[in-house]
Each structure stands twice: as C-alpha cells, then as structure tokens.
Protein chains: 2
Amino acid sequence: MRKTIVAYAVALAALIWLLKWLEFRFMVRDLSLEIYLTILAVFFTVLGIWAGLNLTRKKIVTITLGPDFILNEFELNKLGISKREHEVLEWMAKGLSNQEIADKLFVSLNTVKTHTSNLFLKLEVSRRTQAIQKAKQLRLIP
Amino acid sequence: MRKTIVAYAVALAALIWLLKWLEFRFMVRDLSLEIYLTILAVFFTVLGIWAGLNLTRKKIVTITLGPDFILNEFELNKLGISKREHEVLEWMAKGLSNQEIADKLFVSLNTVKTHTSNLFLKLEVSRRTQAIQKAKQLRLIP
DNA sequence: AAATCCTTCACCCGAAAGGGTGAATTGAAC
DNA sequence: GTTCAATTCACCCTTTCGGGTGAAGGATTT
C-alpha cells in the first residue's frame with residue numbers, strides 16, 4: 001500500500017517535469033492556456049479514476065458458509081423437551097421404529113413409547129411424521 | 001449514468017474557467033509554473049479518485065439463491081414412480097395419514113394404501129418415515 | 001386385438017403406532 | 001428430608017400402517 005502511494009507520487013512528479021520539458025521543447029506555450037489546462041486536467045482525472053479503481057478493486061468478498069445445522073436450544077427449553085426425548089426424536093427422524101429405537105438405547109419398547117407420546121404432546125402433533133417435520137422446522141434436528 | 005458524465009464535464013469546464021479567472025484576479029501568474037501545475041494535477045487526481053469510486057461503488061452484489069428444490073425427474077423415472085404415487089408421497093411427507101391423503105385426493109383409503117405400498121417397494125423401504133427420508137435425499141420432494 | 005401400465009378399490013391379517021393411566025427409581029434442587 | 005422432574009417400565013385399548021392378493025376399468029403401446 002505504501003509502495004503504491006510512493007509509486008504514484010513519483011509518477012506524478014515525473015509527469016509534471018515531462019510537461020515542463022515539453023513546454024520548452026515544442027513551444028507548447030503557443031497553445032492557448034485553456035487547452036493546455038484542459039488536457040492536463042483530463043489526464044489527471046483519468047489517472048485518478050484509474051488509481052481509485054486500483055485502490056479499491058481488491059476487496060475480495062469471502063462468503064463463509066457455516067455448519068448448516070445449529071441446534072435451537074431455546075425452542076428445546078421452551079417446549080420442555082428432555083435429553084432423552086430429544087435423543088428419541090433424532091432416531092425417529094432417521095426412520096427407525098419404536099422397537100429399533102428401544103434396541104439402540106437399551107431400554108424397553110414401552111419406555112420409547114412413553115417418550116414419543118410426551119414428544120407428541122410437547123410438539124403438539126399426533127403422528128411421528130408430523131413430529132419430524134415440526135422438529136426440523138424448529139431446528140431441533142438436522 | 002449519462003447524467004453523471006454530463007455533470008462531471010460541466011464541473012470540469014467550470015473549474016478550468018475558474019482557474020483562468022483566478023489567474024488574472026490574483027496574479028497567480030507570479031507563482032512558479034511547477035507549483036501551479038502540481039496543485040492542478042493533485043486536484044484533478046483527487047477528483048478522479050472520487051469520481052472513480054462513485055462510478056464503481058454502486059455495484060451491488062446480489063446473491064440470488066435459486067429455488068432450493070429442483071425435482072429429480074431422472075430418479076423418478078428410474079424408480080418408476082407414477083404421478084399419483086408421487087402425489088401421495090408429497091402429502092405423506094407433510095405428515096398426513098393415509099385417511100387424510102385419501103380425503104385430499106378424493107379416493108378411498110384402500111387406494112392410498114396401494115400407492116403407499118408400491119412406493120415402499122420402489123423406494124426399497126418399509127416405513128413411511130424412511131420413505132420420506134429417502135425421497136428427500138433423492139430430491140423427489142422438497 | 002393383446003399386452004402393459006396406471007389407477008382405482010376391496011378384503012384379510014398382523015405389526016406398529018398412538019392414547020391413557022399408573023407406578024418405581026433416581027438425582028438434583030429447595 | 002421432601003419436592004420435583006426425568007427416566008424407566010407395565011398394561012390396556014384403539015387406530016393406523018404395512019404386506020399380500022385379487023380384480024376391474026382406462027389409456028397407451030405394440
């Protein structure tokens with residue numbers, strides 16, 4: 001960045017010197033002052049635009065996508081869903097039957113049924129498919 | 001955009017005229033030509049930078065996310081799922097019972113059960129929760 | 001015309017899911 | 001130590017779901 005500024009300064013000084021040199025060399029003095037100034041102004045305006053673009057164009061936009069699932073613990077507490085119930089909910093969403101969930105968690109089928117019943121009450125649904133749908137919507141499961 | 005260019009042109013002309021006027025008014029001619037030119041150059045460089053920024057800063061980055069669901073018709077055909085079956089699948093995924101789907105489609109419960117049975121065969125699953133999961137994974141439903 | 005597929009519906013049976021009630025155990029909180 | 005929520009399990013009953021079989025009508029293709 002500092003390097004760029006120095007480079008521009010040097011270029012500017014060199015150009016001014018060049019102009020003065022041309023002035024004597026080719027008798028630019030003969031031209032009307034207005035035209036002379038206009039050329040100078042336009043030249044430096046263009047230079048400025050170019051410089052301005054180069055100073056800002058390098059802003060690289062980096063979009064970082066975070067993990068696509070963040071557990072909504074607030075809803076979880078709000079609905080009063082316990083750890084075990086949430087666990088059952090996760091397996092349920094993976095398409096397991098109550099019996100399979102019971103085997104996974106090393107508990108009886110009746111226990112799983114109790115958990116599912118409580119889940120349906122807390123989620124205000126009456127079928128497991130609806131429970132899964134609502135739980136996904138509320139970000140309780142991926 | 002055209003308006004902006006015209007505005008800049010007018011401003012430039014006005015400034016040049018102002019400089020020439022100042023020249024006679026305050027005998028700027030007495031100052032060294034180098035200083036005079038430098039001031040002019042710096043001024044127009046700054047003007048150019050400002051103009052350049054204004055011409056480009058308004059590039060608004062619009063990230064348009066397309067519809068997040070595109071039906072995978074290839075899989076649909078590959079698995080041989082019919083229109084009606086797909087329709088049943090959609091309602092199923094919304095958490096409706098077979099009876100509710102039957103009411104929605106104005107057919108009997110038995111018909112819906114036939115469709116679901118065929119769906120399970122084609123999707124190679126044995127429960128509706130699994131069917132929904134697999135169908136979503138294969139992009140057959142949103 | 002025959003074959004094929006889709007759609008519709010029926011009946012039967014067993015398995016799974018859902019709803020209700022009750023109760024024992026445990027661990028944390030008061 | 002008592003209260004409370006969470007977890008565990010049991011029993012009952014009804015509804016829903018899933019699997020199997022069969023069949024009739026319609027559209028499309030061969």
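Heavy atoms only: backbone and side chains are in, while hydrogens, waters and symmetry mates are out. Just so it is clear: chains get the letters A, B, ... in the order the sequence lines come, proteins before strands, and each one is counted from 1. For clarity, every value in this text was computed on a predicted model and none was experimentally measured.
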**Q** Taking the nucleotide of DNA chain C with the nearest heavy atom to each, does B/Lys113 or B/Arg127 sit closer to the 5' end?
**A** B/Lys113

**Q** With a non-hydrogen cut-off below 4.0 angstrom, is A/Thr111 in contact with a base, only sugar-phosphate, or nothing?
**A** base

**Q** Tell me which nucleotide among D/dA6, D/dA10, C/dG18 gets nearest to the side chain of A/Ser108.
**A**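 Among D/dA6, D/dA10, C/dG18, the one nearest the side chain of A/Ser108 is D/dA10.
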
**Q** Within the structure provided, determine whether A/Arg128 and A/Leu119 are in side-chain contact (heavy-atom separation under 4.5 Å).
**A**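 In short, these two side chains do not touch, never coming nearer than 4.5 Å.
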
**Q** Counting distance only, does the side-chain N/O of A/Gln137 pair as donor-acceptor with the main-chain N or O of A/Gln133 below 3.5 Å?
**A**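 Not confirmed, A/Gln137 side chain does not pair with A/Gln133 backbone.
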
**Q** Would you kindly give the CD-to-P distance between A/Glu124 and C/dG18, to the nearest whole Å?
**A** 17 Å

**Q** Whole-Å distance between C/dC5 P and B/Asn118 CG?
**A**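 Those two atoms, CG and P, are 13 Å apart.
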
**Q** CG of B/Leu119 versus P of D/dG19: gap in Å, rounded?
**A**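 Computing the B/Leu119:CG to D/dG19:P distance gives 12 Å.
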
**Q** From CG of B/Asn77 over to P of C/dC5, roughly how many Å is that when rounded to an integer?
**A** 15 Å

**Q** Which whole-number value in Å describes the distance from B/Lys122 NZ to C/dC5 C1'?
**A** 9 Å

**Q** Counting distance only, does the side-chain N/O of B/His86 pair as donor-acceptor with the main-chain N or O of B/Leu140 below 3.5 Å?
**A** yes

**Q** For A/Phe120 and C/dG20, what is the distance between atoms CZ and P respectively, to the nearest whole Å?
**A**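 Taking atom P of C/dG20 as the reference, CZ of A/Phe120 is at 13 Å.
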
**Q** Using atom types as modelled and distance alone, determine if a side-chain donor or acceptor of B/Glu100 lies under 3.5 Å from a backbone N or O of B/Leu96.
**A** no

**Q** Under 3.5 Å, side chain of B/Thr116 to main-chain N/O of B/Lys113, donor-acceptor pair present?
**A**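 Yes; judged by distance alone, with no hydrogens or angles, the pair exists.
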
**Q** Compute the bend angle of the helix from C/dA1-D/dT30 to C/dC30-D/dG1 from the end axes (five pairs per end), rounded to 10°.
**A**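 The end axes of the helix from C/dA1-D/dT30 to C/dC30-D/dG1 are about 40° apart, to the nearest 10°.
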
**Q** From the list C/dT7, D/dG19, D/dT8, which nucleotide is the closest neighbour of the side chain of A/Arg84?
**A** D/dT8

**Q** On DNA chain C, does the nearest nucleotide to A/Met92 precede the nearest nucleotide to B/His115 from the 5' side, or the other way round? Give the residue.
**A**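 Its nearest nucleotide being more 5', the pick is B/His115.
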
**Q** Between C/dC6, C/dA17, D/dT16, which nucleotide has the shortest distance from any of its atoms to the side chain of B/Ser97?
**A** D/dT16

**Q** Do the side chains of A/Trp91 and A/Leu105 get nearer than 4.5 Å, heavy atoms only?
**A**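 Of all side-chain heavy-atom pairs linking A/Trp91 with A/Leu105, at least one is under 4.5 Å.
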
**Q** In whole Å, what is the span from the CD1 atom of A/Ile101 to the P atom of D/dT8?
**A**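 Those two atoms, CD1 and P, are 13 Å apart.
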
**Q** Rounding to an integer number of Å, can you tell me how far B/Gln99 CD sits from C/dG18 C1'?
**A**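 Taking CD of B/Gln99 and C1' of C/dG18, I get 16 Å after rounding.
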
**Q** Measure from the side-chain N and O atoms of A/Glu75 to the backbone N and O of A/Leu138, and report whether any donor-acceptor pair falls under 3.5 Å.
**A** no

**Q** Would you say the side chain of A/His115 lies within less than 4.5 Å of the side chain of A/Arg84, judging by non-hydrogen atoms?
**A**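 Yes; the side chains approach each other to less than 4.5 Å.
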
**Q** Would you tell me whether B/Thr114 and B/Ser117 have side-chain atoms, one donor and one acceptor, within less than 3.5 Å of each other?
**A** no

**Q** Where do N or O atoms of nucleotides 20-30 of chain D meet protein N or O atoms at under 3.5 Å, pair by pair?
**A**
none

**Q** I'd like to know if the side chain of A/Glu85 reaches the main chain of A/Ser82, judged simply by a donor and an acceptor atom lying under 3.5 Å from each other, with no hydrogens or angles considered.
**A**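 Checking the backbone N and O of A/Ser82 against the side chain of A/Glu85, a donor-acceptor pair under 3.5 Å is found.
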
**Q** Counting just side-chain N and O atoms, does B/Asn98 come under 4.0 Å of either OP1 or OP2 of D/dT16?
**A**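 Negative; the distance criterion is not met.
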
**Q** Base, sugar-phosphate, or nothing: which does A/Asn110 touch, judged by heavy atoms less than 4.0 Å apart?
**A**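 Base contact.
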
